[in-house]
Amino acid sequence: DGDLNRDGEIDTTYVARDRDGYRVGVVLAYRSEGTYVHDDLQPLRLRSASRQPPLLDRTDEVLRVRHARIGAATTSAAYRYRYDPYEHEMILIGLDAERGGTSDGDRLRLEWNLLTGEQRGWRGRNAPGDAVVRGRLGERGGKTRGMGHAPEPDALLDAELAASRDPPR
């Protein structure tokens, strides 16, 4: 819990389990005409059969949600959100995804900064300094992505894998 919207009131973050996985949500607390109000924002839905819930942490006004999904290969993701008062939503500002246990034994990693639009990806045991910039998945000032519209990390990793196999000509 902490002040995510910079109004001096303590806001609440939560994780709830449902039949398809987990919900991560934010409840904003604020005063309106002298009355204390709670506003439940649209949650992030994480499909997972894992019994391990997502981990939440906060630095200043940025909420980070870390989650791992176990299947044929393990996919882990870290979503970064910041409150946008104009959209009245927690807006995705970054997403890091990694897949291990692929058939060729390599790991696949993707970092996406939605504030700049830059996407970096790499395969194998390369260090992050050896990342290949693949282009821009989202441009600054483009369509915002709230918690209810977060991209699937597996789909992003699959696209990165296809791009690394078929480099542009």
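This chain uses plain numbering: 1 for the first residue, then up along the sequence.
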Determine, stepwise, if the pair L157 / T75 fulfils side-chain contact (heavy atoms from CB on, under 4.5 Å).
CA-CA 9 Å; L157 289 167; T75 300; 3.8 Å; yes
Exercise: identify the closest heavy-atom pair between M90 and L4
CE-CD1, 4.2 Å
Mind checking who shares a hydrophobic cluster with Y14, ILVMFWY linked at side-chain heavy-atom distances under 4.5 Å?
V27
List for me each residue that meets salt bridge (Lys or Arg N to Asp or Glu O under 4.0 Å) alongside D40, sequence neighbours excluded, and say none if there are none.
none
Any side-chain donor near an acceptor of the partner, H88 and Y83, under 3.5 Å:
yes
Heavy-atom side-chain proximity of L44 to L46 below 4.5 angstrom:
yes
Salt-bridge test for D57 and R64: reply yes if a basic N is under 4.0 Å from a carboxylate O, no otherwise.
yes
Using the side-chain contact (heavy atoms from CB on, under 4.5 Å) rule, take L114 and R145 through it: C-alpha gap first, then chi angles, then the decisive distance, then the call.
CA-CA 9 Å; L114 278 83; R145 293 175 183 259; 4.0 Å; yes
Of all residues at least two apart in sequence or in a different chain, which pass the side-chain hydrogen bond (donor to acceptor under 3.5 Å, both in side chains) check with D3?
none
Is there a side-chain contact between L55 and R66 (heavy atoms, below 4.5 Å)?
yes
If you compare all heavy atoms of A150 against all heavy atoms of Y79, which two are closest, and at what distance to 0.1 Å?
CB-CE2, 3.9 Å
Sequence neighbours excluded, which residues qualify as side-chain contact (heavy atoms from CB on, under 4.5 Å) partners of L56?
T13, V15, V24, L63, V65
What one should report as the nearest heavy-atom pair of W112 and P151 is CZ3-CG, 3.6 Å
Residues forming a side-chain contact (heavy atoms from CB on, under 4.5 Å) with A29, sequence neighbours excluded
E9, D11, Y36, H38
Restricting to side-chain hydrogen bond (donor to acceptor under 3.5 Å, both in side chains), what partner residues turn up for R58, sequence neighbours left out?
none
Side chains of L110 and D96: closer than 4.5 Å at any heavy-atom pair?
no
What is the minimum heavy-atom distance between L115 and N113, and which atoms define it?
N-OD1, 2.8 Å
Using every non-hydrogen atom in the two residues, find where M147 and E89 come nearest and quote the distance to one decimal.
N-OE1, 4.1 Å
In this structure, CG of L108 is separated from CZ of R99 (nearest 0.5 Å) by 6.0 Å
Within a strict 4.5 Å, meaning less than it, do heavy atoms of the R23 and D18 side chains meet?
yes
Listed by chain and number, what are the side-chain hydrogen bond (donor to acceptor under 3.5 Å, both in side chains) partners of R6, not counting sequence neighbours?
E61
Does Q42 have any side-chain hydrogen bond (donor to acceptor under 3.5 Å, both in side chains) partners at least two apart in sequence or in another chain, and if so, which?
none
